[in-house]
2 protein chains.
Amino acid sequence: MNDVKLTSTLAFRLGTLGAVVTERFSARLAAHGLKPKHVGLLAILEAGTATSQLDIAKLMNVAPSLVVSLADRLEELGAVRRERDPFDRRRQTLALTAEGRELLAACTGAAAELDAELTDGLRLEEVKALRSVLGTIAGRSGLPAD
Amino acid sequence: MNDVKLTSTLAFRLGTLGAVVTERFSARLAAHGLKPKHVGLLAILEAGTATSQLDIAKLMNVAPSLVVSLADRLEELGAVRRERDPFDRRRQTLALTAEGRELLAACTGAAAELDAELTDGLRLEEVKALRSVLGTIAGRSGLPAD
DNA sequence: TCGCAATCATTCGAATTCTGAACGATGCGG
DNA sequence: CCGCATCGTTCAGAATTCGAATGATTGCGA
């Protein structure tokens with residue numbers, strides 16, 4: 001008989017740990033008036049992976065209508081400008097403003113702080129290995145790998 | 001200047017990856033009529049970490065009222081029996097039934113399958129290291145460490 | 001022993017988050 | 001020019017979770 005513990009499976013652990021970490025990240029982001037998904041959108045814009053709202057929705061695995069409200073909020077904060085694509089006026093292009101870059105940097109800093117808490121006491125090589133393996137798993141799951 | 005990418009922070013990656021993995025786990029669980037939290041509850045019962053609903057709620061970082069509906073569902077499936085604690089009749093203790101054990105085993109198997117998909121192609125030592133590090137991070141975050 | 005505050009489970013209304021089905025505007029092939 | 005697909009938007013509602021109110025029970029202090 002196989003007596004694997006549920007709590008030691010990656011599936012369960014990544015799920016629960018992900019929820020806890022997101023919660024903590026979200027708490028830090030609250031100071032900036034943002035939620036994790038807002039920051040995820042900013043990161044996509046900075047990476048240049050997508051600019052139209054529909055493409056962003058696909059990258060984020062999220063309904064296009066959700067991108068609308070995320071963009072609304074970000075525009076309200078001056079982090080993002082909405083521009084009609086002149087070559088296809090159906091498309092709304094989202095452009096990162098200078099404030100948007102600052103905001104993203106601040107939020108990335110918050111994430112880095114949280115990282116420091118999470119990995120406190122761990123050996124550097126362990127953390128590097130962790131990042132590396134999570135990167136490959138993420139990449140294989142359709143998420144950005146680096 | 002520090003040009004850390006948001007997507008490479010553990011905070012963000014654990015969050016997004018956790019969401020994706022939970023989604024996939026949830027899809028497999030649907031065949032058994034359960035959600036991840038139901039299975040988490042069953043795992044707590046099997047581990048014997050808590051039996052009263054309130055203690056379970058604390059362990060799961062969840063409102064007591066949510067445990068009620070989770071337990072309702074599990075009782076409905078015959079996976080769990082509700083018994084009044086004879087020494088404190090305010091307390092409802094949840095007891096795993098034989099079916100509950102089977103169900104948990106099946107769900108743990110589903111998680112293990114998912115693990116295999118996630119770690120396919122990775123070296124065994126990498127996976128072991130991943131489990132180990134995630135275990136310590138989880139333990140430090142108030143989650144079961146093994 | 002009586003009464004009162006605390007504890008536990010439960011119910012229920014509400015907040016949050018997200019999706020999916022419309023709809024209008026725009027682009028494109030014939 | 002017309003039908004049809006695409007994109008953004010709106011909006012109703014599904015899903016999940018919490019928090020406050022309630023009732024039953026307990027334990028404690030006077």
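All values below were derived from every heavy atom in this structure, side-chain atoms included, with hydrogens, water molecules and symmetry-related copies excluded. Residue numbers begin at 1 in each chain, while the letters A, B, ... track the order of the sequences.
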S.K.: Find the distance B/R82:CZ to C/dA9:P and express it as a whole number of Å.
M.R.: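 Whole-Å distance recorded here is 9 Å.
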S.K.: Which of these passes salt bridge (charged side-chain N to carboxylate O under 4.0 Å, His left out) with A/D115: A/R131, A/R24, A/R28?
M.R.: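 When salt bridge (charged side-chain N to carboxylate O under 4.0 Å, His left out) is applied between A/D115 and each of A/R131, A/R24, A/R28, only A/R131 qualifies.
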S.K.: Round to the nearest Å and state the distance from A/L70 atom CG to D/dG8 atom C1'.
M.R.: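 My rounded result for the distance is 14 Å.
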S.K.: Looking at B/K35, does any N or O in its side chain come under 4.0 Å of the phosphate oxygens OP1/OP2 on D/dA15?
M.R.: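 It does not, given that no N or O in the side chain of B/K35 lies less than 4.0 Å from OP1 or OP2 of D/dA15.
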S.K.: Within this structure, what is the CD-to-P distance between B/Q53 and D/dC18, rounded to whole angstrom?
M.R.: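 Rounding to the nearest Å, CD of B/Q53 and P of D/dC18 are 15 Å apart.
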S.K.: Does A/Q92 make a side-chain N or O approach to OP1 or OP2 of D/dC7 shorter than 4.0 Å?
M.R.: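 No, outside the criterion.
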S.K.: Given C/dA9, D/dG8, C/dT26, identify the nucleotide with an atom nearest to the side chain of A/R90.
M.R.: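 Of the options given, the side chain of A/R90 lies nearest C/dT26.
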S.K.: Would you kindly check whether a donor in the side chain of A/R89 faces an acceptor in the base of C/dT26, or vice versa, at under 3.5 angstrom?
M.R.: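 Flag unset: no donor-acceptor pair detected.
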S.K.: Roughly how many Å is it from CG in B/L94 to C1' in C/dT10, rounded to a whole number?
M.R.: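 It is 13 Å, rounded to the nearest whole Å.
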S.K.: To the side chain of A/R91, which of C/dA6, D/dT9, D/dC7 is closest?
M.R.: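 So the side chain of A/R91 is nearest to D/dC7.
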S.K.: Just how far, in rounded Å, is C1' of C/dT17 from NE2 of A/H38?
M.R.: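 To the nearest whole Å, that distance equals 11 Å.
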S.K.: When the distance from CZ of A/F87 to C1' of C/dC28 is rounded to whole Å, what number comes out?
M.R.: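 Distance, rounded to whole Å: 17 Å.
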S.K.: Do the side chain of B/T119 and the main chain of B/L122 share a donor and acceptor less than 3.5 angstrom apart?
M.R.: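 No, the answer is negative, given that no donor and acceptor are paired below the 3.5 Å cut-off.
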S.K.: Figure out the CG/P separation between A/D88 and D/dA5, and round it to whole Å.
M.R.: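 Those two atoms, CG and P, are 16 Å apart.
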S.K.: Ignoring hydrogens and angles, does a donor from either the side chain of B/S65 or the base of D/dG19 sit under 3.5 Å from an acceptor on the other?
M.R.: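 For B/S65, whose side chain was compared with the base of D/dG19, there is a donor-acceptor pair (under 3.5 Å).
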S.K.: Which sits closer to the 5' end of DNA chain C, A/P86 or A/V62, going by the nucleotide each is nearest to?
M.R.: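 Comparing both residues, the 5'-ward one is A/V62.
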S.K.: Which comes earlier along DNA chain C counting from the 5' end, the contact point of A/N61 or that of B/T93, where each point is its nearest nucleotide?
M.R.: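 That would be B/T93.
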S.K.: What's the closest nucleotide to the side chain of A/L54 if the choices are C/dA9, C/dA6, D/dC7?
M.R.: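 Shortest atom-to-atom distance from the side chain points to D/dC7.
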S.K.: Using a cut-off of 4.0 Å on non-hydrogen atoms, how would the nucleic acid contact of A/S52 be classed: base, sugar-phosphate, or nothing?
M.R.: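 Sugar-phosphate, backbone atoms only, no base.
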S.K.: Enter the distance from A/T49:OG1 to A/I56:CD1 here, rounded to the nearest 0.5 Å.
M.R.: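 The CD1 atom of A/I56 is 9.5 Å from OG1 of A/T49, to the nearest 0.5 Å.
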S.K.: In whole angstrom, give the distance that lies between atom CG of B/L41 and atom P of C/dA9.
M.R.: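 Checked: the CG to P distance equals 12 Å.
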S.K.: So how far is it from A/I44 CD1 to A/L104 CG, rounded to the nearest 0.5 Å?
M.R.: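 Nearest 0.5 Å value for the CD1-CG distance: 11.0 Å.
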S.K.: For a quick test of reading the model: is some side-chain N or O of A/R84 closer than 4.0 Å to OP1 or OP2 of C/dG27?
M.R.: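 No, because none of the side-chain N or O atoms of A/R84 sits under 4.0 Å from OP1 or OP2 of C/dG27.
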S.K.: Assess the side chains of A/Q53 and A/R91: does a donor N or O sit below 3.5 Å from an acceptor N or O?
M.R.: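 Not at all, the side chains of A/Q53 and A/R91 share no donor-acceptor pair under 3.5 Å.
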S.K.: Looking at the side chain of A/D72, which of D/dT10, C/dC12, C/dC8 is the nearest nucleotide?
M.R.: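 For the A/D72 side chain, the nearest candidate turns out to be D/dT10.
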